[in-house]
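Below, read A as the first sequence line, B as the second, and so on, with proteins coming before strands; counting in each chain starts at 1. Please read these numbers as outputs of a predicted model, since none were measured by experiment.
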Amino acid sequence: MNPDKSDSTVALFAERSSERAKAIELTVNGRNVQVEEGRHRVLLQVLREELKLTGTKFGCGEGQCGACTVLIDGRAVRSCITPVAAARGKKVTTIEGLANNGMLSRVQQAFLDENAAQCGYCIPGMIMSATALLEKHPNPGAEQLREEMNGNVCRCNNFLKIEAAIYRAAGHGREGR
Amino acid sequence: MKRINEFNEDHVVERYEQDEAPRYQFDLTRRGFVQILGAGLVVSMSGNSALASGEPLLSQNRSTKINERLHIGRDGIITIMTSKVEVGQGSRTEITQAAAEELKVSTDKIRLIMADTDLVPNDGGTHGSQTTPRTIPAVRSACAAAGILLMDIAAKNWNADRSKLVSGNGFISEPSSNRRISFGELAGMDEIAKSFDNAPGSDISVTPVNEWKVMGTTPSRVEGENIVNGTYQHPADILRPGMVYGKVLRPPAYNATLRSVDLGPARAMDGVTAVHDGNFVGVTAPTSHLAEQAVKAIEKTAQWDTEPHPSSKELFGYLKNNVSTGGGRGFRRRGGQNTGSIETGLNESTKTVKESYEIAYIQHVPMEPRAAVAEWNNGKVTVWTGTQHPFGVKNELVRAMRVSDENVRVIVPDTGGGFGGKHTGEVAIEAARLAREAGKPVSLRWSREEEFTWAYFRPAGLIETRSGIDDNGNIKAWEFINYNSGTSALATPYDIPNITTQFRACDSPLREGSYRGLAATANVFARESLMDELASAAGVNPFEFRLKHLDDGRLKDVLVKAAEDFDWENRSTLKRENRGVGLSCGIEKGSYTAACVEVEVDRKTGTIHVLDFLQTFECGAIINPDNLSAQVEGSIVMGLGAALWEEMQFENGKILNPTLRQYRVPRFKDVPPIEVVLIDRPDLPSSGAGETPIISVAPAIANAVFAATGVRVRSMPIKSDDLKTG
Ligand code: FES
Ligand code: FES
């Protein structure tokens, strides 16, 4: 988490504060955020449109592709189908929050080293899902990896390189190839 | 040094979408011109007046001047300009490599401006695998020419013997005197400005393959770090000051026309603007959620007239009964062959086969749906959008918005996938129209359902064949008629005395356009399936049968190599229940491919499991091996989807499976072990590789399914109730 952001509170809609019916508070990449209820339907829209965190992508809007994956309290969720209210009081981490003072996370570095991206559109979601996966299972087997990652689609069909990147992040070589 | 190879200039790319009538006919004149807001545009470079004033080139055939192609800054940074886009195929990295190679600098000295119509020369769109064979040579010649001019001028200034000078790392130096001068200093001289104002001479030599230092290697991916840290901006991610979000009201079915609509309910909403212009209805709002709500509100008031529309169930009969008579589609008549007489050939045959093959419509499903951000400033519109054809989209905008050429700028940020699906500018036009109405920059991104319904499709096709063999297992007749899908790879590479191959254009019920590999996928599927049927009729191993009818050395090479590496000879004779192997081969876009595959069929469910896939691929000299293998792997896995599951279902003018839940694309668990065998031919020019590897996938699988079950499935996707015995 980026420490220089941690204590700042960002009021997204300071204006019209008197009539602000309800605000939802959450923490995104270490910073506290308030969102006006009703302005957005799902978390993805808050991240992209309010916080300008465009690293989290829209792919389908129906929980079927994983492009919008973020962590809520460490768990991978599809932000395109997560109502804003479901993130109330929770800690949200997006792809922009993974690096520490510009130091890429282990998973990010592994994706870079394996040249795992073609168009790169699925990659933030892949990295977030892989981060959650390796948190749970630091040494995933081939089947486990595929099971856990199956909800993330890459239409450049770069699955083998992405898989290699996840194995690299887990600390072993190109298993499963 | 050897001359760069010349490439076939008349390679016309098959692009059905280019025949289309404009999407929207706006009635802009009756509205006053809206006050345009927004900050000035950031121009990523300055100091080159030739760039700022130069009319963009209209054709790649006109030679691009050196100063239109590259710019050397005082700091020694070299900026290369091209209208090619990066859609994931690695062109940004490959063009960077090409420039670094010819200028003898490291890749971090190279910057690329891709696809900004105000700044770059028109190299054509990114389609038909033309970046590698055409744009890379153009970049190499310009850079090589620039390198020579820099050297000339350094020699002249120093009054030195030119042959004693060396170039490297962005400096020209004279080892004997220890003199050196940077590219940046040289670039500031008038003589350079003057000499760069010419096209590179046609006699420019480029670095021969055996001296390549940067090309032929796998440097780290340009922009790679931004991709993993989340700051890489795709078109949908562009943010402009004051930007609002757009949404378009879509008809409930194809062929539906709007009778009436009331914009009132949307306009009553806070911060919402709404526009109804001709057949276009759309809104803008401060957030995309509010824009959706506004569209829902007016949707309730909309009245539509609908017309009947054929369904996917009756598709192939429909195509056959609706052969179009209209002309104007010259490219569609290509690829036809007429040798000997089919009737004579069939009479000479002892066994004949008459079969037809069906290929479904499919969608490209790029991960990033179509997206655009449009902004007007003083009557000029700038649109950031994901397209493979920036100058084409610029022209579409000029026509639709009725503004002059100078008043449209299209910028294509690196785009989240295209696969031939993003040649047109509908989303750019929609965003521009909405931005004009709102007086603010507008961001518009299609939903997945819009993408599945309103983007153009890969054409469906019906292929009817008649063929025959004699007692010696020689093919005597080959008639091959393709309805609707197109002409790519229509011609057979096999040596047959009597051939008719023909394409018949049809009135397609769905909107059609390009797709990775175009019609080659359909034509090679039918051809390679039929080759197997004939081999089986002749009682000959399908590998031997193909070889016997092949003259083309490069195609033979990939086929033989695939069979060897797969251990075809042995594996094709093994008998295991519901398991079998298949092979196929083909040529497209100057690249050669062969595939061998093993499948197992679950006879209870009819499910096909691909156990093992091997492909050989040859596309001349290899520029970036890692990127090439990624392109080939990606093509193979993409091909699995079209081979096994993907098809559009439609009825009453509606797509019945417009979601990723219903339309199945390949996922991690579907990826079989894949072996890619790249054959490097440094003696041959490089051709594109993003498309051709896809063509051998489906026929190899269909042939393996036949070997496993004795059931011949003649459709793509390959599925049939006959595969189920339980
Ligand atoms: S955009 Fe959320 S899963 Fe596809
Ligand atoms: S890299 Fe393009 S979608 Fe995965």
For this session: Check whether B:Leu660 gets within reach of chain A through its side chain, its backbone, both or neither, counting any heavy atom under 4.5 Å.
Result: both
Problem set entry | Within 45° cone of A:Tyr121 ring axis and under 6.0 Å: A:Arg155 NZ or CZ | no
Exercise. Backbone N or O of A:Ile24 within a donor-acceptor pair of the A:Arg88 side chain at under 3.5 Å?
Worked result: no
For this session: Report the C-alpha distance between B:Lys247 and B:Ser447 in whole Å, list the side-chain angles of each, state the deciding distance to 0.1 Å, and finish with yes or no for side chain to side chain contact (heavy atoms under 4.5 Å, CB included).
Result: CA-CA 9 Å; B:Lys247 184 88 190 159; B:Ser447 69; 4.3 Å; yes
For this session: Heavy-atom distances under 4.5 Å only: say whether B:Phe419 touches chain A with side chain, backbone, both or neither.
Result: side chain
Exercise. Salt bridge between B:Glu691 and B:Arg516, side-chain N to carboxylate O under 4.0 Å?
Worked result: no
For this session: Name the member of A:Asn152, A:Ile95, A:Thr56 that forms the most heavy-atom pairs with chain B at distances under 4.5 Å.
Result: A:Ile95
Exercise. Any donor and acceptor pair, going by atom type alone, linking the side chain of A:Gln108 with main-chain N or O of A:Ser105 inside 3.5 Å?
Worked result: yes
Seminar exercise, completed: So, the part of B:Thr231 with a heavy atom under 4.5 Å from chain A: the answer is neither
For this session: Salt-bridge test for B:Glu450 and B:Arg250: reply yes if a basic N is under 4.0 Å from a carboxylate O, no otherwise.
Result: yes
Seminar exercise, completed: Ordered numerically, the heavy-atom neighbours of chain B under 4.5 Å found in residues 125-133 of chain A are A:Met126, A:Ile127
Problem set entry | side chain to side chain contact (heavy atoms under 4.5 Å, CB included) assessment of A:Leu53 paired with A:Asn29 | CA-CA 10 Å; A:Leu53 294 172; A:Asn29 298 336; 3.9 Å; yes
For this session: Could you look at A:Gln45 and say if it's the side chain, the backbone, both or neither that has a heavy atom under 4.5 Å from chain B?
Result: side chain
For this session: Look at the rings of B:Tyr663 and B:Phe452 and say which category their plane angle falls in: under 30° parallel, 30 to 60° tilted, over 60° perpendicular.
Result: tilted
Exercise. Yes or no on salt bridge (charged side-chain N to carboxylate O under 4.0 Å, His left out) for A:Arg39 and A:Glu49, after CA distance, side-chain angles and deciding distance?
Worked result: CA-CA 10 Å; A:Arg39 195 172 152 92; A:Glu49 297 174 23; over 6 Å; no
Exercise. Relative to chain B, which segment of A:Asn115 carries a heavy atom at a distance below 4.5 Å: side chain, backbone, both, or neither?
Worked result: side chain
Exercise. Is a side-chain donor or acceptor of A:Asn158 paired with a backbone partner of A:Cys156 at a separation under 3.5 angstrom?
Worked result: no
Problem set entry | Option in B:Gly634, B:Ala285, B:Ala371, B:Gly418 with maximal non-hydrogen atom pairs under 4.5 Å from chain A | B:Gly634
Seminar exercise, completed: The interface call for B:Ser443 against chain A, heavy-atom contacts under 4.5 Å, is neither
For this session: Look at B:His234, B:Met243, B:Arg448, B:Met638 and state which one has the largest set of heavy-atom pairs under 4.5 Å with chain A.
Result: B:His234
Problem set entry | Heavy-atom proximity to chain A below 4.5 Å, by part of B:Arg92 | neither
Exercise. So, A:Asp113 and A:Gln109: side-chain donor and acceptor under 3.5 Å apart, yes or no?
Worked result: yes
Seminar exercise, completed: Assert top hit (heavy-atom pairs under 4.5 Å, partner chain A, pool B:Glu292, B:Glu225, B:Gln233, B:Glu449) equals B:Glu225
Exercise. Any chance the side chains of A:His137 and A:Gln144 put a donor and an acceptor closer than 3.5 Å?
Worked result: yes
Exercise. Looking at A:Glu143 and B:Lys669, does any basic side-chain N land under 4.0 Å from a carboxylate oxygen?
Worked result: no
Exercise. Is a side-chain N or O of A:Glu114 found less than 3.5 angstrom from the main chain of A:Ala116, in a donor-acceptor match?
Worked result: no
For this session: Applying side chain to side chain contact (heavy atoms under 4.5 Å, CB included), run through B:Ile694 and B:Thr521 and close with a yes or a no.
Result: CA-CA 7 Å; B:Ile694 206 169; B:Thr521 305; 3.7 Å; yes
Problem set entry | Partner chain B: residue of A:Gly55, A:Cys154, A:Gly59 with the largest heavy-atom pair count (under 4.5 Å) | A:Gly59
Exercise. Side chain, backbone, both or neither: which part of B:Val87 has a heavy atom under 4.5 Å from chain A?
Worked result: backbone
Problem set entry | Atom group of B:Asp414 that falls short of 4.5 Å from chain A, counting heavy atoms | neither
Exercise. Any residues in residues 62-75 of chain A near chain B, with a heavy-atom distance under 4.5 Å, and which are they?
Worked result: A:Glu62, A:Gln64, A:Cys65, A:Ala67
Problem set entry | side chain to side chain contact (heavy atoms under 4.5 Å, CB included) evaluation trace for B:Thr284 with B:Tyr245 | CA-CA 5 Å; B:Thr284 65; B:Tyr245 294 83; over 6 Å; no
For this session: Counting only heavy atoms closer than 4.5 Å, note whether A:Leu112 contacts chain B via side chain, backbone, both or neither.
Result: both
Exercise. Which atoms of B:Gln631 come close to chain A, meaning under 4.5 Å heavy atom to heavy atom: side chain ones, backbone ones, both, or neither?
Worked result: both
Exercise. Any donor and acceptor pair, going by atom type alone, linking the side chain of B:Gln388 with main-chain N or O of B:Gly420 inside 3.5 Å?
Worked result: yes
